[in-house]
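Read the structure below first, then the notes.
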Amino acid sequence: MRTPYNLSASHDCTICPERENRRFCDMPKDTVTRMNEITFTSFYPKGSLLFVEGEKARGVFILCSGRVKLTTSSAEGRTLILRNAQAGELLGSSAVISGKPYETSIETVEPCQVNFIRADHFMTLIENDRVAMLAVARQLSEDYHAAQREVRTFGLAQTTGEKLARLVLDWCTTGEKTDQGVRLKVLMTHEEIAQMIGTTRETVTRLLSQLRRKKILEIKGSTFLVPHVEMLESMVSV
């Protein structure tokens, strides 16, 4: 089935061909069947808000396809991108479990299929299904460690250049290893990268140009190539 946004759609999680490769959805079929019975499927175009920081947590979202960004904003309206989420992630669960408002805003950066489970139905599921509860705990733990990495990446950096170097190094851990170096697919604008490291688009453009001139980074469109990771590592003080 194809959607208006040209997505390959599946309304039945038990027969999703990608389920076994997904962070949250890789659960036994009987658990997925129970989850499927309380799930509502929606499709969103690029730029849609799933929920807003400070909003009452009405339920959890499972990202089935596409990408979203998690952001937080200051009182002055400055936005910081915390991270990008990939297909298969559970979103909003910490707010639902704690009974507190959503702690971030989530916006689609490309067309997405998203499954929604109401807060009360979600709590009943994890209270009565041990496998589902452990799957939620596993993702919350992974999210915690990701947040710790972000704190280290940006909290310990002395300069904006070091923050950018740390960010690219973090991407290298999941990049494609080739004979030419580590190849990265960076589907982010300079503005979005700036929002991740707390600077301006102009500064990111200038720093990326410097890295290219020094042969530390090769950029062709959305593809970054890091020929020598150790050259990036030398830019990091800790």
Side-chain angles (χ1 to χ4, degrees), residues 8 16-27 46 61-72 80-91 93-94 104 106-114 135-157 161-199 204 207-208 211-212 215-236 238:
S8 180
C16 174
E18 301 294 332
R19 180 169 64 84
E20 294 183 355
N21 301 318
R22 298 289 170 79
R23 282 182 63 184
F24 176 69
C25 305
D26 182 16
M27 296 182 288
K46 177 181 177 180
F61 297 78
I62 303 170
L63 184 59
C64 299
S65 62
R67 292 184 304 122
V68 301
K69 59 183 178 182
L70 284 67
T71 65
T72 187
L80 180 68
I81 297 178
L82 302 175
R83 67 182 184 89
N84 288 312
Q86 307 294 332
E89 292 197 43
L90 177 68
L91 306 167
S93 59
S94 61
T104 64
I106 294 189
E107 179 183 346
T108 60
V109 296
E110 60 189 33
C112 296
Q113 176 186 340
V114 180
V136 173
R138 179 179 61 189
Q139 175 149 342
L140 287 173
S141 177
E142 291 174 354
D143 291 345
Y144 168 78
H145 285 288
Q148 290 290 91
R149 288 197 303 272
E150 293 299 313
V151 169
R152 179 176 177 81
T153 295
F154 305 122
L156 297 180
E162 185 179 346
K163 289 181 181 180
L164 181 60
R166 285 180 178 272
L167 179 62
V168 178
L169 281 172
D170 189 50
W171 290 342
C172 285
T173 61
T174 56
E176 178 189 359
K177 307 299 190 298
T178 72
D179 292 338
Q180 291 75 41
V182 181
R183 182 173 287 112
L184 311 170
K185 196 69 173 178
V186 182
L187 301 176
M188 302 179 68
T189 65
H190 288 190
E191 177 67 28
E192 290 173 323
I193 294 174
Q195 290 176 347
M196 290 198 74
I197 61 176
T199 188
V204 167
L207 290 173
L208 288 175
L211 292 176
R212 292 179 68 175
K215 308 298 183 183
I216 296 175
L217 197 62
E218 297 177 15
I219 303 175
K220 293 182 180 179
S222 61
T223 300
F224 285 23
L225 181 69
V226 184
H228 306 287
V229 174
E230 60 272 16
M231 294 180 70
L232 266 182
E233 291 173 339
S234 69
M235 298 177 61
V236 175
V238 179

Looking at SG of C112 and CZ of R67, how far apart are the two atoms once the value is rounded to the nearest 0.5 Å? 8.5 Å
Could you check if a side-chain atom of L184 sits within less than 4.5 angstrom of a side-chain atom of V226, using non-hydrogen atoms only? yes
Approximate separation, where rounding is to 0.5 Å, of F224 CZ and R212 CZ: 9.0 Å
Report the C-alpha distance between M188 and W171 in whole Å, list the side-chain angles of each, state the deciding distance to 0.1 Å, and finish with yes or no for side-chain contact (heavy atoms from CB on, under 4.5 Å). CA-CA 12 Å; M188 302 179 68; W171 290 342; 3.9 Å; yes
Report yes if some heavy atom in the side chain of L208 is under 4.5 Å from a heavy atom in the side chain of V204; otherwise report no. yes
Going by heavy atoms in the side chains, are F24 and V136 under 4.5 Å from each other? yes
Flag side-chain contact, heavy atom, 4.5 Å: V114 against C64: no
Short N-O contact, E89 and R83, less than 4.0 angstrom: yes
In plain terms, say whether K46 and E110 are close enough for a salt bridge, that is, a side-chain N and a carboxylate O under 4.0 Å apart. no
Give a yes or no on whether the backbone of L187 and the side-chain of S222 come within a donor-acceptor separation of less than 3.5 Å. no
Work out which heavy atom in G88 is nearest to a heavy atom in Q139; give both atom names and the distance. O-OE1, 4.3 Å
Between OG1 of T104 and CG of L91, what distance do you get to the nearest 0.5 Å? 8.0 Å
Could you walk me through whether Q113 and L63 pass the side-chain contact (heavy atoms from CB on, under 4.5 Å) test, one step at a time? CA-CA 6 Å; Q113 176 186 340; L63 184 59; over 6 Å; no
How far apart are the closest heavy atoms of L140 and S94, and which atoms are they? CD2-CB, 4.0 Å
Is any side-chain heavy atom of V186 closer than 4.5 Å to a side-chain heavy atom of T223? no
Should we count NZ of K177 as having more than 12 external heavy atoms under 6.0 Å? yes
Atom pair CZ/SG of R183 and C172 - distance to nearest 0.5 Å: 12.0 Å
Measure the CD1-SG distance between I62 and C25 for me, rounded to the nearest 0.5 Å. 5.5 Å
Determine yes or no for a side-chain-to-main-chain donor-acceptor pair under 3.5 angstrom, with T108 supplying the side chain and P111 the backbone. no
Indicate whether the side chain of K163 and that of T199 have a donor and an acceptor atom separated by less than 3.5 Å. no
Closest contact, heavy atoms only, A87 versus S65: CB-CA, 3.9 Å
With salt bridge (Lys or Arg N to Asp or Glu O under 4.0 Å) as the test, would you mind laying out the steps for E192 and K69 before giving the verdict? CA-CA 10 Å; E192 290 173 323; K69 59 183 178 182; 3.6 Å; yes
Evaluate the side-chain proximity of T71 to L80: yes if any heavy-atom separation is below 4.5 Å, no if none is. no
Close side-chain approach of M196 and I193, heavy atoms under 4.5 Å: no
Side chains of V68 and E107 in contact at under 4.5 Å (non-hydrogen atoms): no
What is the distance from atom CG of D170 to atom CG of L232, rounded to the nearest 0.5 Å? 12.0 Å
Please name the pair of heavy atoms, one in K215 and one in P227, separated by the smallest distance, quoted to 0.1 Å. O-CG, 4.1 Å
